[in-house]
**Student:** 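Just dropping this structure here.
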Amino acid sequence: MEQYEPDRPSPAHVAAVRRSFRGGRAALTRRSLLRASAGGALAVGGLGALSACGIPAATKTQGGVSADDHSAKEKVLNFSNWPEYIDVDDKTKRHPTLDAFAKRTGIQVKYTEDINDNDEFFGKIQPELAAGHDTGRDLIILTDWLAARMIRLGYVQKLDPSNLPHAFANLSDQFRAPDWDPGRAYSYPWQGISTVIAYNKKALDGIEVKSVSDLLDNPKLKGRVGFLTEMRDSIGMTMLDMGKDPAKFTDDDFDAVVARIQKAVDKGQIRRFTGNDYTSDLTKGDFAACIAWGGDIVQLQADNPDVGYLIPDSGYMTSTDNMLVPNKARHKTNAERLIDYFYEPEPAAQLAAYVNYVSPVADVKPYLAKIDKDAANNPLILPDKAMAARSHGFRALTQAEETAYQQKFSKLTGA
């Protein structure tokens with residue numbers, strides 16, 4: 001029988017994790033610390049061992065495998081998420097939104113922060129999924145590229161729209177139709193992640209930056225530019241700058257972007273490729289400008305008035321972390337009720353006010369304004385329609401493409 005060979009973390013991903021754990025404020029940010037660990041140094045040993053254990057290939061039929069739903073009798077829900085990625089009461093250390101959900105529905109949420117890395121977590125649950133067993137989790141949060149893989153492998157269940165009236169009605173148009181889950185049949189976004197250009201005003205000292213081309217070409221910025229070790233962000237932003245569509249590109253398009261960035265590397269324009277430790281370089285002024293994640297910038301601006309950001313005319317990249325119900329989950333309906341709950345404006349506003357990433361819930365602004373007016377007026381948390389229209393997603397990759405592209409990008413970054 002053919003064995004399933006999991007996508008292995010690239011050297012670039014591994015390097016990103018190592019750097020992110022060394023870097024200053026990056027060690028203190030919330031979800032942002034984990035963003036760079038998409039490939040995961042911790043996953044290297046675990047994933048490499050899976051195929052050697054003779055785990056069978058996953059079924060390729062989409063739709064997942066349901067189990068007897070015990071939601072009616074068992075008022076519980078096992079929810080796995082990333083650390084520091086939900087609202088917390090500083091005094092009680094409890095999660096107000098989950099407590100309110102439990103009070104309303106009677107469903108007790110067992111909340112576990114056991115996702116530290118996409119690939120590491122996939123390695124943890126893949127044996128049970130491949131064997132057709134319950135993972136012990138009813139709801140999980142995965143970044144879009146891994147969510148796409150889970151759907152492709154038939155590892156998650158199709159959601160019941162009748163249990164998701166708020167989610168269906170209130171999902172922002174920006175996130176409604178990813179190519180890997182058209183119509184959101186299997187997933188709903190937890191939060192969005194915007195990739196932008198950040199800068200240090202003092203370090204720029206009057207130098208004008210408006211585009212990725214400025215980062216790559218302006219000799220006044222030589223040696224003071226940062227790009228990310230996350231392939232989809234650095235490649236995607238450059239692709240947009242070159243007039244190409246990250247949702248529809250070809251192999252030739254990808255190679256052209258790599259060559260474009262390589263030219264800047266060769267002439268010393270790019271200081272280095274980083275994980276989340278770019279935040280330290282940016283605040284110190286070692287980077288005059290860099291490609292950055294919006295959630296980080298919201299946090300950095302609170303501490304450093306010199307930090308700013310811009311959205312290039314060519315657009316910006318957006319990705320999502322997503323809620324999914326794995327195969328054989330015992331409490332699918334309870335999970336769907338929680339998904340729907342977080343698409344009600346009030347709990348959505350509480351979540352956005354705490355995590356500072358893009359809320360996927362439309363018309364949440366007046367509710368967020370009651371909690372934090374600055375957050376409600378921050379387009380990095382609530383993009384207006386004009387900004388949302390300029391967002392782009394990176395298309396889903398086949399396993400072969402993922403391997404080939406990561407090899408080329410790793411060579412580019414020197415990982």
Side-chain angles (χ1 to χ4, degrees), residues 12 15-16 19-20 22-26 32 35-36 194-244 246 254 256-301 303-317 379-380 387 390 392 408-415:
R19 284 194 291 265
S20 69
R22 291 199 300 263
R25 182 180 169 85
S32 62
R35 173 71 173 145
S194 297
T195 304
V196 300
I197 293 177
Y199 56 85
N200 184 306
K201 299 174 188 176
K202 184 180 293 185
L204 282 179
D205 193 25
I207 300 171
E208 188 174 58
V209 172
K210 291 185 176 181
S211 67
V212 172
S213 286
D214 291 331
L215 300 185
L216 295 173
D217 299 330
N218 190 334
K220 295 180 180 179
L221 296 176
K222 183 177 180 179
R224 299 192 293 141
V225 169
F227 268 56
L228 293 167
T229 51
E230 172 56 46
M231 179 188 72
R232 288 165 176 81
D233 293 310
S234 287
I235 292 291
M237 290 292 283
T238 308
M239 196 172 284
L240 290 170
D241 187 76
M242 296 173 66
K244 302 180 185 298
F254 186 90
V257 174
V258 169
R260 174 96 167 87
I261 302 174
Q262 184 67 61
K263 184 179 178 181
V265 170
D266 292 343
K267 66 183 181 182
Q269 186 76 8
I270 297 175
R271 184 183 183 92
R272 65 191 186 106
F273 292 82
T274 72
N276 286 95
D277 50 325
Y278 75 81
T279 56
S280 177
D281 293 88
L282 184 63
T283 54
K284 290 188 300 183
D286 291 340
F287 284 164
C290 62
I291 294 178
W293 292 307
D296 292 340
I297 304 309
V298 173
Q299 296 171 28
L300 292 179
Q301 286 181 318
D303 298 332
N304 189 332
D306 288 327
V307 173
Y309 77 95
L310 64 94
I311 305 295
D313 289 341
S314 58
Y316 67 103
M317 297 300 296
L380 292 177
M387 179 173 168
R390 296 160 65 190
H392 298 264
K408 293 175 181 179
F409 189 68
S410 296
K411 184 177 179 181
L412 170 68
T413 62

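Excluded from the calculations below are hydrogen atoms, water molecules and symmetry mates; all remaining heavy atoms, backbone and side chain alike, are included. All values derive from a computational prediction rather than experimental measurement. Each residue takes its place number in the sequence, starting with 1.
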**Student:** Going from CE on Met242 to OG on Ser314, what distance comes out if it is rounded to the nearest 0.5 angstrom?
**Tutor:** 11.5 Å
**Student:** Supply the atom-to-atom distance Trp293 CH2 to Thr279 OG1, rounded to the nearest 0.5 angstrom.
**Tutor:** 10.0 Å
**Student:** Please report the shortest heavy-atom distance between Gly308 and Gln301, naming the atom on each side.
**Tutor:** CA-NE2, 3.8 Å
**Student:** Can you tell me how far apart NZ (Lys202) and CG (Asp306) are? Round to the nearest 0.5 Å.
**Tutor:** 5.0 Å
**Student:** Side chain to side chain donor-acceptor pair (under 3.5 Å) with Asp217: which residues, sequence neighbours excluded?
**Tutor:** Arg260
**Student:** Report the distance from atom CG of Leu228 to atom CD1 of Ile235, rounding to the nearest 0.5 Å.
**Tutor:** 11.5 Å
**Student:** For Asn304, which residues count as a side chain to side chain donor-acceptor pair (under 3.5 Å) partner, sequence neighbours excluded?
**Tutor:** none
**Student:** Do the side chain of Ser234 and the main chain of Met231 share a donor and acceptor less than 3.5 angstrom apart?
**Tutor:** no
**Student:** Looking at Ala288 and Ala203, what are the two nearest heavy atoms and their distance?
**Tutor:** CA-CB, 3.9 Å
**Student:** Does Ile297 reach the side chain of Leu282, with side-chain heavy atoms less than 4.5 Å apart?
**Tutor:** yes
**Student:** Quick check for you: to the nearest 0.5 Å, what is the distance between Tyr309 atom OH and Leu380 atom CG?
**Tutor:** 4.0 Å
**Student:** Locate the shortest heavy-atom distance separating Ile197 from Pro312; write the atom from each residue and the value.
**Tutor:** CD1-CG, 3.7 Å
**Student:** Is the shortest side-chain N to carboxylate O distance from Asp277 to Arg272 below 4.0 Å?
**Tutor:** yes
**Student:** When rounded to the nearest 0.5 angstrom, what distance separates CZ in Arg232 from CE in Met239?
**Tutor:** 11.5 Å
**Student:** Taking C-beta and beyond as the side chain, do Tyr278 and Arg271 meet within less than 4.5 Å on heavy atoms?
**Tutor:** no
**Student:** Looking only at heavy atoms, which two atoms of Ala292 and Ala198 are closest? And how far apart?
**Tutor:** CB-CB, 3.6 Å
**Student:** Under 6.0 Å from the NZ atom of Lys408, do we count more than 12 heavy atoms belonging to anything else shown?
**Tutor:** yes
**Student:** Checking side chain to side chain contact (heavy atoms under 4.5 Å, CB included) between Phe227 and each of Leu412, Ile270, Asp233, which is the one that passes?
**Tutor:** Ile270
**Student:** Taking all atoms of both residues into account, what is the closest heavy-atom pair of Arg390 and Ile311, and its distance?
**Tutor:** NH2-O, 2.9 Å
**Student:** Are the side chains of Lys210 and Asp313 in contact, using a 4.5 Å heavy-atom criterion?
**Tutor:** no
**Student:** Please assess Tyr199 against Leu221 for the test side chain to side chain contact (heavy atoms under 4.5 Å, CB included), listing each intermediate value before the final yes or no.
**Tutor:** CA-CA 11 Å; Tyr199 56 85; Leu221 296 176; over 6 Å; no
**Student:** For a quick test of your reading: what N or O donor-acceptor pairs under 3.5 Å do the side chains of residues 262-269 make, sequence neighbours left out?
**Tutor:**
from	atom 1	to	atom 2	distance (Å)
Gln262	NE2	Asp266	OD1	2.8
Lys267	NZ	Leu216	O	3.3
Gln269	NE2	Leu215	O	3.0
Gln269	NE2	Asn218	O	2.6

**Student:** Asp281 versus Cys290: any side-chain heavy-atom pair under 4.5 Å?
**Tutor:** no
**Student:** Measure across Ser211 and Asp241 and return the closest heavy-atom pair with its distance rounded to 0.1 Å.
**Tutor:** CB-OD1, 3.7 Å
